[in-house]
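Atoms within each ligand, like the ligands themselves, are counted from 1 in listed order.
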Amino acid sequence: MSESHNLIELISKSEISDRVEKIASDISASFKNETVIFVVVLNGAIFFASDLARAVSIDCKLDFIKVSSYIGTKSDGKVKLEKDLSLDVNGKNIIIIEDIVDTGLTVKYLKKHISMKNPKSIRIASLLLKPDKAKLPFNIDWVGFEISTEFVVGYGLDYNQELRNLNAIYKLGDVI
Ligand code: IMP
């Protein structure tokens, strides 16, 4: 754990793993006998996606996409595509795997961007959702946990690229 940050545990490792198992079983039931492409949003969703992909009982492929919209703890309101998909998603079932939906800007951009590639379906799974901040014209299909508007780190979520590898979710208190 970082010595320079005041970290307060919000969601424990076992709460995360129970919730991931539940989402995986819902996804498996929704896509029984079908193939799904998990579109993992780099870098934050890597641990959520790797746990989820290993917990589902359906055939799934993994692809990765990267966008940037964040500097420190504030969004600059723009989304830039840094790395596009490698697989052909035309006619495929897609599940976008996100770490967190904060303002909703990223997920809105990704849904529109991937829709233009003519998939059969697009669903979204996000480990975290800040409902008081997110402004979305659609629902997030699977949400791990709803949280308040505070900045959080761990289990993939970073603060300026640090603290991503913590195995639980922490509120980021004042720097000490
Ligand atoms: P949005 O576009 O505002 O929904 O933000 C999405 C992205 O911002 C996420 O994929 C994260 O990378 C980052 N982000 C938003 N809130 C947090 C947070 O509380 N902790 C760490 N990263 C965050």
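Close approach to Glu98 involves these atoms of ligand 1, each under 4.0 Å from a residue heavy atom: 10 (O). The ligand atoms of ligand 1 that sit less than 4.0 angstrom from a heavy atom of Asp99 are 9 (C), 10 (O), 11 (C), 12 (O). Within ligand 1, counting atoms from 1 as listed, the ones closer than 4.0 Å to a heavy atom of Asp158 are 21 (C). In the vicinity of Leu105, heavy-atom distances shorter than 4.0 Å reach the ligand 1 atoms 2 (O), 4 (O).
With hydrogens and angles disregarded, a donor-acceptor distance shorter than 3.5 Å links the side chain of Asp141 to the backbone of Ile124. Distance alone, capped at 3.5 Å, places no donor-acceptor pair between the Asp158 side chain and the Leu163 backbone.
Relative ring orientation between Phe47 and Tyr155 is described as tilted, the plane-to-plane angle lying within the 30° to 60° band.
Environment of CG in Asn139: sparse, with no more than 12 heavy atoms of neighbouring residues, nucleotides or ligands closer than 6.0 Å.
When the heavy-atom distances from atom 17 (C) of ligand 1 to Phe151, Tyr159, Tyr109 are ranked, the shortest goes to Phe151. For atom 7 (C) of ligand 1, the nearest non-hydrogen atom from the set Val67, Leu163, Val41, Thr106 belongs to Thr106.
For the pair Lys61 and Phe38, the NZ or CZ position fails the cation-pi test of under 6.0 Å to the six-membered ring centre and within 45 degrees of the ring normal.
By the 4.0 Å heavy-atom criterion, Gly104 is counted among the residues contacting ligand 1. For Val153, the heavy-atom gap to ligand 1 stays at 4.0 angstrom or more. Note on ligand 1: Lys108 sits outside its first shell, no heavy atom being nearer than 4.0 Å.
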Inset, instruction - Evaluate the criterion side-chain contact (heavy atoms from CB on, under 4.5 Å) for residue pair Ile95 and Trp142; output intermediate values, then yes/no. - result: CA-CA 10 Å; Ile95 303 181; Trp142 295 279; 4.1 Å; yes
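Of the options Ile100, Asn43, Leu166, a side chain to side chain contact (heavy atoms under 4.5 Å, CB included) to Leu157 is made by Ile100 and by none of the others.
Inclusion of Val152 in the set of residues having an N or O under 3.5 Å from an N or O of ligand 1 is warranted.
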